[in-house]
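Okay, so here's the structure we're looking at.
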Amino acid sequence: MDKVKKDFIQKELSRFGILALVFAVCFLVLLRFASSLAPYQPLLLLGMAAIIALGALRSLVLAHSAMGNLTGHDTYLLDKEYTAPHPVYKVWQGEIHLMQSFIVCRNRGRLLFIPIHNMERVECRFNRTAMGKVPFAKFIMDTGKTFTIDFLPNRPKESQAIFEWITKRLGKEKVIVF
């Protein structure tokens, strides 16, 4: 379980590092062309740091709460299966690990543990945006919880491979494609 948490934290910190770099570039451009903001420079730096810190804190709190919902048997299975070879695909703002008993996903700053044996059904849908169709999957659990994972619009083969893996594991009657 420590490896899952460590990998999640490393990936999220690298994501926030890139965000900090983008903020710094925007900040320098802003100060270059709006010299009247120079007296407010410390406040702008503090605001930038606060936004990044709050985002990182949100990710850590969500990861801790997701891990708190797991039982001892679940953590044992996750430790065993996460270190074994398994397919990993990129999704929107993260990746998805397809394992024997669980789907572990880092998506939009959240860490999701989706037990396969608790899935009631999976709805594979497409959102229409300006870019075209963006695939996503909605996992509906037997407990009433739902999890939504967004896929990358420019990698249709990966999302298709994930849909096929889910269909193979759950059966065609539990996977609905819209």
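- I140 and L170 fall into different hydrophobic clusters, defined by Ile, Leu, Val, Met, Phe, Trp and Tyr side-chain heavy atoms under 4.5 Å apart, directly or through other members.
- Residues Q100 and E81 share a closest heavy-atom pair of N-OE1, 3.4 Å.
- For the pair I149 and C105, the tightest heavy-atom approach, listed with the atom from each and the gap, is CD1-SG, 3.7 Å.
- Salt bridge annotation for E12-R106: present, with a cationic side-chain nitrogen under 4.0 angstrom from a carboxylate oxygen.
- Using a 4.5 Å heavy-atom threshold, the side chains of M99 and L78 count as touching.
- Here F113 and F147 keep their ring centres 6.0 angstrom or further from each other.
- In terms of hydrophobic clustering, with Ile, Leu, Val, Met, Phe, Trp and Tyr side chains grouped at heavy-atom distances under 4.5 Å, F136 and L98 are assigned to different clusters.
- Side-chain contact between I51 and F23 is present, with heavy atoms from C-beta onward closer than 4.5 Å.
- Between D7 and K3 there is a salt bridge, with a side-chain nitrogen of the basic residue lying less than 4.0 Å from a carboxylate oxygen of the acidic one.
- In the hydrophobic cluster analysis, where Ile, Leu, Val, Met, Phe, Trp and Tyr join through side-chain heavy atoms closer than 4.5 angstrom, V88 is grouped apart from F163.
- Contact check for C26 versus M48: no side-chain heavy atoms found under the 4.5 Å cut-off.
- Counting only residues at least two apart or in different chains, salt bridge (Lys or Arg N to Asp or Glu O under 4.0 Å) contacts with residues 57-70 are absent.
- Hydrophobic cluster membership is shared by I114 and F151, with clusters built from Ile, Leu, Val, Met, Phe, Trp and Tyr side chains linked at under 4.5 angstrom.
- The shortest side-chain heavy-atom distance between V175 and C124 falls under the 4.5 Å cut-off.
- Heavy atoms only, all atoms of each residue included: P39 and P42 are closest at O-CD, 3.7 Å.
- Looking at I116 and S101, their side chains never come closer than 4.5 Å, going by heavy atoms from C-beta outward.
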For this session: Report the C-alpha distance between V122 and I176 in whole Å, list the side-chain angles of each, state the deciding distance to 0.1 Å, and finish with yes or no for side-chain contact (heavy atoms from CB on, under 4.5 Å).
Result: CA-CA 6 Å; V122 178; I176 302 167; over 6 Å; no
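- Taking 4.5 Å as the limit, some side-chain heavy atom of V4 sits within range of a side-chain heavy atom of V104.
- With a 6.0 Å radius and a threshold of 12 heavy atoms from other residues, nucleotides or ligands, R169 has its CZ atom above the threshold.
- Between D142 and M119, every side-chain heavy-atom pair lies at or beyond the 4.5 Å cut-off.
- Under the 4.0 Å criterion applied to side-chain N and carboxylate O atoms, E95 and K11 are assigned as salt-bridge partners.
- Residue L70 is not grouped with residue Y76 when hydrophobic side chains (ILVMFWY) are merged at heavy-atom distances under 4.5 angstrom, including chains of intermediate members.
- Annotation for T148 and N107: closest pair O-OD1, 3.7 Å, computed over non-hydrogen atoms.
- Smallest separation of non-hydrogen atoms from P135 and P153: CD-CA, 4.3 Å.
- With sequence neighbours left out, the side-chain contact (heavy atoms from CB on, under 4.5 Å) criterion links L13 to I9.
- Shown are R110, R108, R125, K90; of these, the salt bridge (charged side-chain N to carboxylate O under 4.0 Å, His left out) with D150 is made only by R108.
- Within a 6.0 Å sphere centred on NE2 of H86, heavy atoms belonging to other residues, nucleotides or ligands number more than 12.
- Nearest heavy atom pair, residue P87 against residue W165, reads CG-NE1, 4.5 Å.
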